[in-house]
**Q** 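Got a structure here, written out as structure tokens. Questions coming.
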Amino acid sequence: MARCSGRQPVVVVAAVLVVAVLGTQLVPALAYNGGDLDETVEHIKIGGLFDGDTDDAELAFQYAVEAVNNEKLSYSNYQLEAQAVKVKYGDQFDVSKKLCRLLKTGVAGIFGPSSPKSALHVQSVCDEKEMPHIETRWDAYTKLPTLNLHPHPHIMGRVLLDLVVAFEWKDFTILYESGPWLPSISDLLKMYDPKGYTVTVRQLDLKLNGNYRAVLRRVKLTDDKRIILAASIDSMPEILKQAQQVGLLTDHHQIIVTTLDLHTIDLEPYQYSGTNITGIRLIDPEEDKIKQVTEFLNASQISKTLELTEGLNPAKMRVETALMYDAVLLFAEALKHLIGSDPMHLLQPIPLKCDDVTTWKNGYSIINYMKSSTIHGLTRNIKFDHQGHRSDFLLDIIELGPAGLEKVGIWNSTEGLNFTRKKEQTALAFDDGTLQNRTFIVLTAISPPYGMLKDSPVKLTGNDRFEGFGIDLIHELSLMLGFNYTFILQEDGVYGSLNSKTKKWNGMVNELLEWRADLAITDLTITSDRESAVDFTMPFMNLGISILYRKPTKQPPSLFSFMSPFSKQVWLYLGGAYMMVSMSFFILGRISPKEWDNPYPCIEEPEELENQFSFSNSMWFTIGALLQQGSEIAPKAPATRAVASIWWFFTLIMVSSYTANLAAFLTVEQVSSPINNAEELAAAGGAVKYGAKRDGSTISFFKDAQYGTYAKMYQYMMANQDLLTASNPEGLQRVKTENYAFLMESTSIEYIIERECDVTQIGGLLDDKGYGIAMRKNSPYRSALSEAVLRLQEQGVLTSLKRKWWKEKRGGGACSNTMEEGGALALELANVGGVFVLLIVGCVAALFVSFCEMLCDVHSRSRDLKVPFREELMAELRFVAKCHGNTKPVRHRKSSSGSHNSLESGALDSEEAGDRSEGGASSSKQDLRSGATGGGSPPNSTEPSAAAAAAADGAGRRNRAANGKLNGGAATQRKVTLDD
């Protein structure tokens, strides 16, 4: 609707029509002057048009009249008389009718109404009748002669501009309710600069019947955390409620509310949300003037008949109500000045009709006096400039904290903004460290097992999407401290590192610094660089850097693994001990008299004594004892028995030790790895490639390391940038597919090796550090969170969570189960192959020695018997090849030249087999018998042959006796020959 101003005939005609239609008389409201009207006092009527939902402004109007009559006009003959009229909001026809009725009663001024459309019509009529018109509403287009006590929207725009500059906002969003609010944000729109300030403007009311969620949700999606809210106080509760529902009232949001009535609504649901809500207040409840007025209202005559409403409580009083009270005071002040300068009769108001051109000549005078007057009311200093706009007024800057609204600064039109405390103190006062009922934006990243996406056949949203150690930890903290949380994902997975050139952070740390998140939890390492930018709780997990590498390859068993229980040095010492003890038996056997025995027990005085401890027998006795087998030799002398006892005890210990270790060395497979620690990895010279996660705390550790080995490793990784990975899973994949070692945190390695059985941790920890929950610097809830983490640690909750996510969930314990499979493994041929080789070698060696003995024996016989060596060897081999029988015949053969005679006997007994005399008897009894009966022998040869046989018998008996004593009485079968 176009605004009407000046003396317009159209308005007069409309007023005339209104009067013609009216058929009833306006009943004036009662004037509260303490009783019946005094006829000696001149009563000046003032009219009030009230179209609000409450009666607060109307009551303030009447209270003000009573106060004026008791104070400002108490010493004059004038008294104000209040004429309060109710009108329909926005109904111009109703307002027109009742306005004309008020003018007919002879009022000296019109106050109100609050409806913009109705107010424009009243302005036009009052301007036409030169009737003082006083407004208290938000209006950017008020002009003289109408006087508006409300601060002009353009001046309010200066306040908002000063706040934005003071808060150092470089980008923000303006949410306005409707067109009348645009003038107050016009200066903010001028701040827009493509290279500087970014200003986004959105209208709240899109004809959605009070549903602002769509617009508010769009603001949330833009990630703009700084908002200016320009809306009426009536819409403000619903707007704040819906903003909280969509997640705009969180700890990282800052909101400036432009309405001057923020203190009149219930803000308790938002006190603990952490949102920095800043408002502007025209009324100071703590001011002395407010207290005086409150005392007056309680003692006034009106309060005796009407109940004092909450809207007149200074803490809940709206600006419109206070301005109505101050407007009456200002009007009385103007009358007071006018009375002192003009004759009394000139102040008499006259009845005016809307259908004629009659005006009140003193109307503009009152307006001029009001414009030039200065008073102190409920809204403090009231003064106007030459344009009729209020000037030199004070505004309180208030902020919402856990204790409610608190004054943090003031603003006046001459000096601008002045904070009564520092910005840091404001933030600390706003946050008292209490987490109860707060909502935090928690940032996490996909990093098993700290943060993972759930496997679900249905689509999940919100916090239900995530699971993991960090997710459970935040949940436990929220149950303990009573806060709410919303998880968001760090899409790029970068945790945060400082760019040395731009001095800017990236990743999660940057999200915290930009107020896009309140907390960050993952395997985020606490480092000195990060600690300088953000705060951390106490570590919820301690760890260090280690090496992830493929499992060492299993070595095939050694062929002679049975020798592994003893080292080479022990085997050498054992061999030396064997030779030394054998020599001891040999020497002591020759020294000790009891070791010399009579070889012929039947001969009491033998010519010779023999000793059983020959060198070969000494070695046989010693090896028999060592192998736990014994021998037929028994020591007799004390010295040899002492050595034998010590040797037996020695062999007992050695054999027991060997047996105890043999099982382990035969069953345990040896493994080999090219590296065993960081020093070997660095010294490998690139034989084993290695790297770490790019822009992570691990690479930062090597960058700042002073230890030479670590500095060398950092230079290698910087020279081979392709070895650095973007994530831990990428590093794991390279370890599995390449000859590559990945440097990462030990806890992550523990998680991996529980599921990936072909990789393992190499070496110990290279450093000592911890994971913590990150938050903005100087956060007031750091202590509460750290205390809660410590409490969870003492209660064993953290240990339980680690066991759950490391060893139970998502395939945990797979490799542990494989390693713990019971049952002994069967020995393969590779484990005991050396024993078989030793057996074969021993048998072959024995066969070789036996064959050599046979050759020597055949060679000796062929030489003694004058037979060909080849013929004798073939005969011996033919006998051996028969492979049956336990007896061997004695063969007598003549040489091929016929110089000897030989006979073969079928089966000689043992006595005949041993008859051979050392004196040179070379014939047997059978030979002699054969010679006696043979046709070729002369008869006279019988006696010599018998004598020779007797001699041979004597020699045979002696030889048999000697052979029976030697070596246990073993008899040998020999071939006996006799020369013709």
Side-chain angles (χ1 to χ4, degrees), residues 557-599 601 608-670 824-850 965-970:
S558 173
L559 184 62
F560 297 99
S561 58
F562 66 90
M563 299 188 67
S564 300
F566 289 161
S567 65
K568 292 181 180 180
Q569 187 179 14
V570 173
W571 283 115
L572 291 176
Y573 279 113
L574 184 60
Y578 166 71
M579 294 302 299
M580 182 185 70
V581 172
S582 298
M583 290 296 297
S584 298
F585 277 118
F586 176 70
I587 295 173
L588 292 177
R590 300 186 70 83
I591 295 176
S592 301
K594 289 189 177 182
E595 293 295 342
W596 292 96
D597 294 329
N598 182 4
E608 296 178 342
L609 297 176
E610 62 181 20
N611 195 316
Q612 63 179 347
F613 280 108
S614 64
F615 186 73
S616 60
N617 285 351
S618 298
M619 296 184 69
W620 177 252
F621 175 80
T622 306
I623 195 67
L626 180 62
L627 298 179
Q628 304 285 292
Q629 300 301 318
S631 67
E632 73 279 4
I633 302 173
K636 300 176 181 178
T640 53
R641 287 181 175 180
V643 173
S645 299
I646 295 300
W647 175 248
W648 289 340
F649 178 77
F650 173 80
T651 56
L652 174 66
I653 300 301
M654 294 301 293
V655 170
S656 299
S657 301
Y658 176 84
T659 306
N661 289 336
L662 181 61
F665 281 94
L666 290 179
T667 57
V668 176
E669 295 179 330
Q670 300 295 326
L825 297 177
L827 293 179
E828 302 291 341
L829 180 61
N831 298 104
V832 295
V835 181
F836 287 93
V837 172
L838 183 63
L839 175 64
I840 295 173
V841 171
C843 293
V844 171
L847 183 63
F848 176 76
V849 172
S850 177
K965 177 66 178 175
L966 183 62
N967 292 330

**Q** Which heavy atom in Lys594 sits nearest to a heavy atom in Asp597, and how many Å separate them?
**A** O-OD1, 3.9 Å
**Q** So do Val570 and Met654 actually touch side chain to side chain, heavy atoms under 4.5 Å?
**A** yes
**Q** Please check if atom CD1 in Ile646 has more than 12 non-hydrogen atoms from other residues, nucleotides or ligands closer than 6.0 Å.
**A** no
**Q** How long is the straight-line distance from CD1 of Ile587 back to OG1 of Thr640, given to the nearest 0.5 Å?
**A** 13.5 Å
**Q** Can you list every pair that meets side chain to side chain donor-acceptor pair (under 3.5 Å) and has a residue in residues 577-591, with sequence neighbours left out?
**A** Ser582-Thr622
**Q** Could you give the distance from CZ (Phe566) to CG (Leu574), rounded to the nearest 0.5 Å?
**A** 7.0 Å
**Q** Could you pull out the closest heavy-atom pair between Trp647 and Val581, with the gap in Å?
**A** CE3-CG2, 3.5 Å
**Q** So, taking the atom named OH in Tyr573 and the one named CE in Met580, what distance separates them when rounded to the nearest 0.5 Å?
**A** 12.0 Å
**Q** Excluding sequence neighbours, so at least two apart, what forms side-chain hydrogen bond (donor to acceptor under 3.5 Å, both in side chains) with Asn611?
**A** none
**Q** Does CD belonging to Gln628 count more than 12 external heavy atoms closer than 6.0 Å?
**A** yes
**Q** Quick check on side chain to side chain contact (heavy atoms under 4.5 Å, CB included): which of Ile653, Thr659, Leu652 does Ser656 satisfy it with?
**A** Leu652
**Q** Search all heavy atoms of Ala625 against all heavy atoms of Thr651 and return the closest pair with its distance.
**A** O-OG1, 3.7 Å
**Q** Counting only heavy atoms from other residues, nucleotides and ligands, does the tally under 6.0 Å from CH2 of Trp596 exceed 12?
**A** yes
**Q** Could you tell me if the side chain of Phe585 sits less than 4.5 Å from the side chain of Gln612, heavy atoms only?
**A** no
**Q** Return the CE to CG distance between Met583 and Leu588, rounded to the nearest 0.5 Å.
**A** 10.5 Å
**Q** Distance check, rounded to the nearest 0.5 Å: Phe586 atom CZ versus Glu595 atom CD?
**A** 12.5 Å
